[in-house]
Protein chains: 2
Amino acid sequence: MISENDFNSPNLGMPDTHSSIRVMIVDDHPSMRMGLAALIDSQPGMTVIAEASDGEEAIEVYDDTQPDIALMDLRMPGIGGVEAILSIRKSYPEAKVIVLSTYDWDEDIHRAIQSGAASYLLKDMPIEEIAETVKIVHEGDASLPRSVAKRLEERSQREQLTERERDVLESLIKGRSNKEIASSLFISEETVKSHLKTLFHKLHVRDRTEAAIMAIRHGIVHLD
Amino acid sequence: MISENDFNSPNLGMPDTHSSIRVMIVDDHPSMRMGLAALIDSQPGMTVIAEASDGEEAIEVYDDTQPDIALMDLRMPGIGGVEAILSIRKSYPEAKVIVLSTYDWDEDIHRAIQSGAASYLLKDMPIEEIAETVKIVHEGDASLPRSVAKRLEERSQREQLTERERDVLESLIKGRSNKEIASSLFISEETVKSHLKTLFHKLHVRDRTEAAIMAIRHGIVHLD
DNA sequence: TAAATATTCCCTCTAACGAGTGAAGCCCTG
DNA sequence: CAGGGCTTCACTCGTTAGAGGGAATATTTA
């Protein structure tokens, strides 16, 4: 656990509107945490009160410190950001989480928003925009940068995959043949072909290789 | 250009051994730059004298400020880290560049070291290790973390691809069929098949889909 | 309950893929 | 200049993938 100062005590005397926004930072890169902490602390009316380096730690630390806002990376070792958001918001439905990701993959954006994130920012955005969003979200609003909203819109154009189609796609990304996918899912090869057929149509691709590339590039499935 | 303080002037009177290591930071994420700057400046004997947010800017700013060490990200919009290193070391063969990357992909590591990087660190490493490496590299030594060296070793196990095989592989990653690859490279389909055959052997895969996944996962070719 | 939707499977047929083998021309290096 | 690697291409052959049709069971939704 990396939480430095525990400002868990209620602010004595100070009116609520004048108290600092208490921010938790979640990122697996120490130097990124350092930068975000410097950024937040340099803003008037914001203080970093806790840090975590992965999803599991984030859940714990949120419980301990109950920050006003969590600034959270998505891709982290072990439990990722989406699971962490889901878990936190299960215990604290009012929890305000801003996702700060490297990637603007539509599936990532969708999953983050679905799981209850109040915003989705990109790490290459100017620090002013990050600070501004913390303020806006703290005031109870949700905001999405235009570029991110556009990506989300693109995703909505694409037909949703069914659960089974996802299974097949994930198996495909492991480099398996139709026969291997079939036996790994305990279905016939013909069924695999059937799923692939609709999969190709939905993704607007012609073959499995294109489907694999498409899936990776849009974050529909993850390598690693 | 984001260079804040231009300490281009020679240190007056102060003996060389006691002067600060002058560091340039190159990363496209503002908050990461902020973190690295905070990290470096907090170390005794190190100062951040310049920043850049992509390869092109890095080349310019290096020329202007001539830092002792450059801390450089690899994947940046436009001109990437590798090209920046090559360009900088063409003008300044003694330039000391430490790559600081998100990924431990063997091809990235190889390309960075090949182009003259003195070290290759990962962003999830503790800040102490980053600071320590800056010191070591400044003293004229090169150092690679064990985990990174191991990856590089893994790469050396894999047979090198020829230029043409790379071409075919890159075309493959675009989702093209053999016929399309053939016409895009102005060769016959049989030649494409021939290259693919050796490609599959070298990558230890059975088909094009596996090859695509393998190539993406090891950073042999890049999406986007 | 009727109407989607998801999942499963079948059949046919053609094109694409990949293994195996061989070989010619080119360039570079010992 | 001989040998080695790279690039090019040809031919055969078996396998796999993918298109184009249906169709039968759930399950969910309106």
Side-chain angles (χ1 to χ4, degrees), chain A residues 107 110-111 114 155-218 220-221, chain B residues 107 110-111 114 155-218 220-221:
Chain A
E107 276 293 314
H110 175 256
R111 273 193 288 254
Q114 276 301 307
R155 198 205 97 104
S156 71
Q157 303 299 316
R158 203 172 56 226
E159 277 187 85
Q160 287 250 70
L161 301 187
T162 67
E163 207 184 321
R164 216 47 176 157
E165 283 158 7
R166 288 188 106 70
D167 291 341
V168 172
L169 186 54
E170 265 164 39
S171 219
L172 176 66
I173 301 284
K174 294 198 172 79
R176 296 183 179 141
S177 69
N178 288 350
K179 203 174 291 185
E180 288 167 334
I181 296 172
S183 67
S184 80
L185 296 178
F186 305 104
I187 53 180
S188 85
E189 199 182 333
E190 285 303 316
T191 307
V192 173
K193 284 185 169 190
S194 177
H195 287 310
L196 281 177
K197 230 175 293 184
T198 58
L199 204 44
F200 294 162
H201 281 131
K202 288 186 178 179
L203 298 180
H204 302 114
V205 297
R206 293 171 300 173
D207 54 52
R208 53 180 50 230
T209 307
E210 269 193 286
I213 296 163
M214 174 55 79
I216 294 170
R217 133 174 290 149
H218 284 72
I220 300 173
V221 290
Chain B
E107 276 292 314
H110 175 256
R111 274 193 288 255
Q114 276 301 306
R155 198 205 98 104
S156 70
Q157 303 299 318
R158 201 171 58 226
E159 278 188 84
Q160 287 251 69
L161 302 187
T162 68
E163 206 185 320
R164 215 48 174 157
E165 282 157 8
R166 289 189 105 73
D167 291 340
V168 172
L169 186 55
E170 264 163 40
S171 219
L172 176 65
I173 301 284
K174 294 198 172 80
R176 297 184 178 140
S177 69
N178 288 349
K179 202 173 289 184
E180 288 167 334
I181 296 172
S183 67
S184 80
L185 296 179
F186 306 105
I187 53 181
S188 86
E189 199 182 333
E190 284 303 315
T191 307
V192 173
K193 284 184 171 191
S194 177
H195 287 310
L196 281 177
K197 229 174 294 180
T198 58
L199 206 43
F200 294 161
H201 281 131
K202 288 186 178 179
L203 298 180
H204 302 115
V205 298
R206 293 170 300 173
D207 54 52
R208 54 179 50 230
T209 308
E210 268 193 288
I213 297 162
M214 187 31 92
I216 294 169
R217 134 174 287 152
H218 285 72
I220 300 174
V221 289

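Everything numeric in this text was worked out from a predicted model, so none of it was measured. Residue numbers start from 1 in every chain, and the chains themselves are labelled A, B, ... in the order their sequence lines are given, proteins ahead of strands.
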Can you measure Leu199(B) atom CG to dC17(C) atom P for me and round it to whole angstrom units? 14 Å

For the residue pair Ser188(B) and Thr191(B), establish whether any side-chain heavy-atom pair is separated by less than 4.5 Å. yes

Rounded to whole Å, the NZ-C1' distance (Lys193(A) to dA15(C)) equals 12 Å

Between Thr209(B) and Ser194(B), which is nearer to the 5' end of DNA chain C once each is assigned its nearest nucleotide? Thr209(B)

Evaluation steps, salt bridge (Lys or Arg N to Asp or Glu O under 4.0 Å), between Arg111(A) and Glu107(A): CA-CA 6 Å; Arg111(A) 273 193 288 254; Glu107(A) 276 293 314; 3.7 Å; yes

Between P on dA15(C) and CG on Asp207(A), what's the gap in Å once rounded to a whole number? 16 Å

Among dC9(C), dC11(C), dA16(C), which nucleotide sits nearest the side chain of Thr191(A)? dC9(C)

Just so I know, are the side chains of His195(A) and Leu161(A) near enough to count as touching, which here means a heavy-atom distance under 4.5 Å? no

Could you please spell out the steps behind the side chain to side chain donor-acceptor pair (under 3.5 Å) verdict for Arg176(B) and Ser171(B)? CA-CA 6 Å; Arg176(B) 297 184 178 140; Ser171(B) 219; 2.6 Å; yes

Any side-chain N or O of Arg208(B) less than 4.0 Å from the OP1 or OP2 oxygen of dG18(C)? yes

What is the distance, to the nearest angstrom, from the CD atom on Gln160(A) to the P atom on dT7(C)? 12 Å

Would you indicate whether the side-chain heavy atoms of Leu185(B) and Arg164(B) approach each other to under 4.5 Å? yes

Rounded distance in Å - CG (Leu172(B)) to P (dC17(C)): 10 Å

Output the rounded distance in Å from CD1 (Ile181(A)) to P (dT8(C)). 13 Å

Nucleotide range of DNA chain D lying under 4.0 Å from chain A heavy atoms: dT16(D) to dG21(D)

Side-chain heavy atoms of Arg217(B) within contact of Ile216(A), under 4.5 Å: no

Please determine whether a side-chain nitrogen or oxygen atom of Thr162(A) lies at a distance below 4.0 Å from atom OP1 or OP2 of dT7(C). yes

Euclidean distance, atom CG of residue Asn178(A) to atom P of dC17(C) [Å, nearest integer]: 14 Å

Do Arg166(B) and Glu163(B) make a side-chain contact, defined as non-hydrogen atoms from C-beta onward lying under 4.5 Å apart? no

Quick one: Leu196(B) CG to dA16(C) P, roughly how many Å, whole number? 15 Å

Which of the following nucleotides, dC10(C), dG20(C), dT8(C), is nearest to the side chain of Lys197(B)? dG20(C)

Is Ser177(B) touching bases, backbone alone, or none of the nucleic acid, heavy atoms closer than 4.0 Å? sugar-phosphate

Starting the side chain at C-beta, find the nucleotide from dA6(C), dC10(C), dG18(C) nearest to Ser188(A). dC10(C)

